[in-house]
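Take a look at the structure set out below.
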Amino acid sequence: ERERQVSQGYEALLAGAMLLMGIYHLFLYAFRSSDKSPLHFGVFCLLIGLRSLLTGERWLLSVLPDLPFWISFRMEYLTGYAAVPVFLQFFHSLHRSELAHWPRRLLSMAAWPACIAVLVLPASYYTRTLPYYQIITLVVIIYILSCSVFIAWKGSHEARLGLLGTALLAACAVLDILRGEHLLRTGMFLPIALAAFLFLQSVILAARFARSFFESQSAAARLTAMDRLKDDFLSGISRELRAPLHGIIGAVEQLLATGGLEQQRGPLETIRYRARSLNSLVQDILDSSRLRHNDIHLDQRPVSLHAAVSLV
């Protein structure tokens with residue numbers, strides 16, 4: 001009895017860790033919904049954690065003894081069935097740029113009908129899908145292992161960790177199938193291997209998030225430096241333009257004040273107007289740059305709206 005209690009406590013601890021890991025990754029997805037991999041991994045952890053409470057020592061039944069057997073039995077099948085296509089989706093979300101989509105879609109189309117059968121059919125029918133689903137699970141394992149070997153062969157450090165985790169998962173799945181067929185009696189290493197696999201996947205996701213954060217910081221620093229260079233360039237160009245513009249305006253005003261150029265007064269007035277407009281635009285650029293760097297003092301005072309509008 002003591003060994004059974006220890007076994008229940010151990011399995012409850014591992015299941016609780018998986019459930020907490022799943023909730024944590026769901027929160028990660030809530031804060032960054034553009035990346036779907038934490039969502040798929042969180043759902044996978046929740047499914048595996050719940051399944052751990054329904055198998056082995058059946059810790060959930062000891063906590064909820066009044067839970068109907070048909071509900072727990074259906075949940076045991078459903079969590080095991082749904083974990084396969086969910087993990088397949090997670091694997092593809094990690095390597096979506098390196099893998100084709102049609103194998104995932106084909107395998108998912110073969111897996112989800114069995115999950116629907118567990119939901120809608122009686123136990124005498126959906127239990128017959130177990131051999132069929134075991135074949136699908138083995139095919140998915142072979143596919144994921146082959147893809148992991150291919151990705152790891154390309155030299156990614158994260159891919160090597162993923163290959164190690166996938167190999168652990170494959171071993172867990174095969175042992176689980178053999179145990180379900182009463183061909184093998186496994187010990188406590190099965191939940192430990194599964195927890196190790198989930199830990200490695202969490203490390204991979206953490207590395208991806210850290211790399212994304214570092215890349216966003218680097219991009220922000222580069223954009224800030226480019227923005228500063230743009231402001232310095234505009235400020236320098238504006239100062240260089242002001243000197244010749246003032247010279248043009250001064251020369252035109254001197255010609256207009258001299259007199260004797262009545263035939264050229266119209267073109268000279270146009271030159272002065274255009275030069276003043278361009279000088280005002282240059283001054284606005286300078287003021288905008290100074291405002292961005294808090295280098296300008298605003299003299300706030302009441303103004304006449306009528307007078308301002310009449311100037312326009």
Apply side chain to side chain contact (heavy atoms under 4.5 Å, CB included) to [X] and list each qualifying residue two or more places apart in sequence or on a separate chain.
X	result
Leu19	Leu46, Leu53
Ile71	Leu67, Pro68, Met75
Phe214	Ser218
Ala17	none

Contacts of Arg128 that satisfy salt bridge (charged side-chain N to carboxylate O under 4.0 Å, His left out) - sequence neighbours left out:
none
Please output the side-chain donor-acceptor pairs of residues 23-31 that fall under 3.5 Å, not counting sequence neighbours, one pair per line with the distance.
| unit_1 | atom_1 | unit_2 | atom_2 | d |
| --- | --- | --- | --- | --- |
| His25 | ND1 | Met21 | O | 2.8 |
| Tyr29 | OH | Lys36 | NZ | 2.9 |

State the [atom1]-[atom2] distance between [X] and [Y], to the nearest 0.5 angstrom.
X	Y	atom1	atom2	value
Gln134	Leu130	CD	CG	4.0 Å
Met109	Ile136	CE	CD1	11.5 Å
Phe87	Ile144	CZ	CD1	4.5 Å

Taking only residues at least two apart or on different chains, which pairs with a member in residues 68-91 satisfy salt bridge (Lys or Arg N to Asp or Glu O under 4.0 Å)?
Arg58-Glu76
Per the salt bridge (Lys or Arg N to Asp or Glu O under 4.0 Å) rule, what does the pair list look like for residues 115-125, sequence neighbours excluded?
none
Would Arg274 and Leu278 count as a side-chain contact (heavy atoms from CB on, under 4.5 Å) if you check the C-alpha gap in whole Å, the side-chain angles of each, and the deciding distance to 0.1 Å?
CA-CA 6 Å; Arg274 297 299 182 185; Leu278 185 57; over 6 Å; no
Could you state whether Leu99 and Ile142 fall into the same hydrophobic cluster, counting links through intermediate Ile, Leu, Val, Met, Phe, Trp or Tyr residues with side-chain heavy atoms under 4.5 angstrom apart?
no
Contacts of Phe91 meeting ring pair (Phe, Tyr, Trp, His ring centres under 6.0 Å) (sequence neighbours excluded), chain-then-number -> His95
Do Cys115 and Leu78 come close enough that some side-chain heavy atom pair is under 4.5 Å?
yes
Within-4.5 Å side-chain heavy-atom neighbours: Pro131 and Ile135
no
Pairs where residues 103-118 contributes a residue and the test side chain to side chain donor-acceptor pair (under 3.5 Å) is met, not counting sequence neighbours
Gln89-Arg104
Apart from Trp102 itself, what residues make up its hydrophobic cluster, given side-chain heavy atom links below 4.5 Å?
Leu106
Per-pair distances, 0.1 Å, donor-acceptor, side chain in residues 119-126, under 3.5 Å, sequence neighbours excluded:
none

Shortest non-hydrogen separation from [X] to [Y] and the atoms involved:
X	Y	result
Thr79	Leu47	CB-O, 3.7 Å
Ala15	Gly49	CB-O, 3.6 Å
Ser52	Met18	OG-SD, 3.8 Å
Tyr132	Ala110	OH-O, 2.6 Å

When the ring centroid of Tyr133 is compared with that of Tyr81, is the distance short of 6.0 Å?
yes
So His92 and Leu88, side-chain contact (heavy atoms from CB on, under 4.5 Å) or not? Walk me through it.
CA-CA 6 Å; His92 264 262; Leu88 183 63; 4.3 Å; yes
Would you confirm whether Ser93, through its side chain, and Phe90, through its main-chain N or O, come within 3.5 Å as a donor-acceptor pair?
yes
